[in-house]
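Numbers here simply count residues along the sequence, with the first being 1. Just so it is clear, the model here is predicted, and its values are computed rather than measured.
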Amino acid sequence: MLIVSLCGALAAAVCFGLSSVMQAVGMRKAGPVSELEPKSLVRAWLTLPFLAGVGLDLLGFGFELVALRHLPLFLVQAAIASALAVTAIAAAVVMKERLGRVEKGAVAAVCVGLALLGVSAGPEGANRAHTDFYAALAACLVGIAVLGVGAGRLRGRWRTMVLGLCAGLCFGVLALAARTLPELDPARMVREPATYLVAASSLIALVLWTMALSGGSVTTATAAMVIGETVLPAVVGVVVLGDEARPGWVPVAVGGFLLAVGGALALARFGELSGQPSPPAAVPGVREPDAV
């Protein structure tokens with residue numbers, strides 16, 4: 001079952017990575033898109049590539065749920081962050097993005113890091129949690145939302161960075177809640193607090209992520225989000241839920257995690273593929289970011 005779950009984590013990363021490219025292609029196909037013109041956004045959302053990207057997102061979340069059932073959070077979240085490597089490779093093929101030496105090295109680092117995590121990770125810890133755990137997650141979610149509202153009043157790079165981090169932390173709460181979901185039985189899930197935490201955290205994350213992208217550098221926002229969605233859930237998984245590496249493999253697991261997340265951070269500019277299309281004469285990309 002561990003092999004199936006590991007394949008699920010990797011499949012989720014592939015789905016999320018390809019989704020970004022498909023949505024970018026859809027937005028380019030729709031022509032000029034402006035947040036001030038709702039019709040242009042709707043036109044982009046209704047293109048076949050964009051809808052295919054949304055479908056891949058939903059499929060990826062299903063694979064992530066499978067992975068979270070039997071793998072430690074530090075492995076699953078690092079795998080999800082590696083979606084940026086998939087996006088980078090797909091963008092190089094589909095959208096003719098050019099990968100420099102640093103970015104090629106970052107893709108290799110992600111692959112090596114995930115391989116090290118795969119061989120060093122032990123079984124997941126507890127897959128059930130006490131009521132206090134959910135109360136703490138709910139309190140954290142409220143605190144993140146309040147922090148996000150306050151960050152919305154900031155200006156410049158700090159605004160983008162804090163909002164991106166808050167969005168990533170919300171995705172982290174989502175992962176922690178999803179990790180403790182019972183059997184995926186709808187009749188049972190409606191009685192579980194984790195179900196409502198998953199729904200609330202995904203909604204708040206979407207709002208904060210949209211705020212982060214409005215008027216800020218997508219690269220900065222993406223890098224902050226990667227940190228928020230990987231580091232804290234990994235720590236909570238180890239300290240609270242009992243995730244662990246195989247005996248004697250802790251240094252390998254730590255090294256693999258740092259390689260995978262560090263490589264993802266180096267590829268953060270490919271988060272720009274989810275933004276608006278650039279003018280035809282611009283460097284290939286779907287959004288012209290502000291200076292980082």
Side-chain angles (χ1 to χ4, degrees), residues 5 7-30 33 35 41-69 71 73 76-91 93-95 110 164 166-179 181 184 189 194-195 197-214 218 221-222 224-226 228-230 233 264 267-268 270-277 285-287:
S5 297
C7 290
L10 296 176
V14 171
C15 287
F16 292 143
L18 292 179
S19 169
S20 295
V21 176
M22 294 300 293
Q23 290 170 355
V25 170
M27 295 187 78
R28 278 190 167 187
K29 185 177 181 180
V33 176
E35 295 176 358
L41 288 173
V42 174
R43 185 174 64 247
W45 294 339
L46 293 180
T47 60
L48 186 58
F50 195 95
L51 291 174
V54 173
L56 283 170
D57 276 334
L58 294 175
L59 184 61
F61 182 65
F63 282 129
E64 184 181 0
L65 284 179
V66 171
L68 287 168
R69 305 287 296 173
L71 292 176
L73 272 162
V76 176
Q77 294 308 102
I80 298 305
S82 73
L84 286 171
V86 178
T87 299
I89 295 172
V93 175
V94 177
M95 304 183 73
V110 168
C166 288
L169 290 173
C170 285
F171 286 126
V173 171
L174 186 155
L176 288 165
R179 160 66 182 280
L181 278 172
L184 303 181
M189 288 175 65
T195 302
L197 281 169
V198 167
S201 57
S202 59
L203 179 60
I204 296 173
L206 178 61
V207 172
L208 293 176
W209 182 239
T210 301
M211 292 172 62
L213 294 181
S214 63
V218 183
T222 301
M225 183 190 68
V226 167
E229 72 177 349
T230 55
L267 295 168
F270 288 94
E272 295 167 14
L273 291 176
S274 62
Q276 298 178 3
V286 296
R287 179 186 173 97

With sequence neighbours excluded, residues passing side-chain hydrogen bond (donor to acceptor under 3.5 Å, both in side chains) with Ser201:
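Scan of Ser201 (side-chain hydrogen bond (donor to acceptor under 3.5 Å, both in side chains), adjacent residues dropped) gives none.
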From the options [options], select the one residue that forms a side-chain contact (heavy atoms from CB on, under 4.5 Å) with [X].
X	options	value
Phe270	Thr87, Thr222, Ile89	Thr87
Cys166	Leu208, Ile204, Val207	Leu208
Leu18	Asp57, Val86, Leu59	Val86

Heavy-atom pair with the smallest gap, counting every atom of [X] and [Y]:
X	Y	answer
Ser19	Val54	OG-N, 4.5 Å
Ala221	Ala212	CB-CB, 4.1 Å
Gly8	Phe63	O-CB, 3.3 Å
Ala177	Leu197	CB-CB, 3.8 Å
Val21	Ala90	CG2-CB, 3.7 Å
Ser82	Ala13	OG-CB, 3.6 Å

Rounded at 0.5 Å granularity, tell me how far CG in Leu65 sits from OG in Ser5.
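The CG atom of Leu65 sits 11.0 Å away from the OG atom of Ser5.
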What is the distance from atom CG of Leu176 to atom CG of Leu68, rounded to the nearest 0.5 Å?
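So the CG of Leu176 and the CG of Leu68 are separated by 9.0 Å.
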Carefully, step by step, assess Arg179 and Glu64 under the rule side-chain contact (heavy atoms from CB on, under 4.5 Å).
CA-CA 9 Å; Arg179 160 66 182 280; Glu64 184 181 0; over 6 Å; no
Under the criterion side-chain contact (heavy atoms from CB on, under 4.5 Å), I'd like the reasoning laid out for Phe61 against Leu56: C-alpha separation, chi angles, the key distance, then a yes or no.
CA-CA 9 Å; Phe61 182 65; Leu56 283 170; over 6 Å; no
With sequence neighbours excluded, residues passing side-chain contact (heavy atoms from CB on, under 4.5 Å) with Phe171:
Ala205, Met225, Glu229
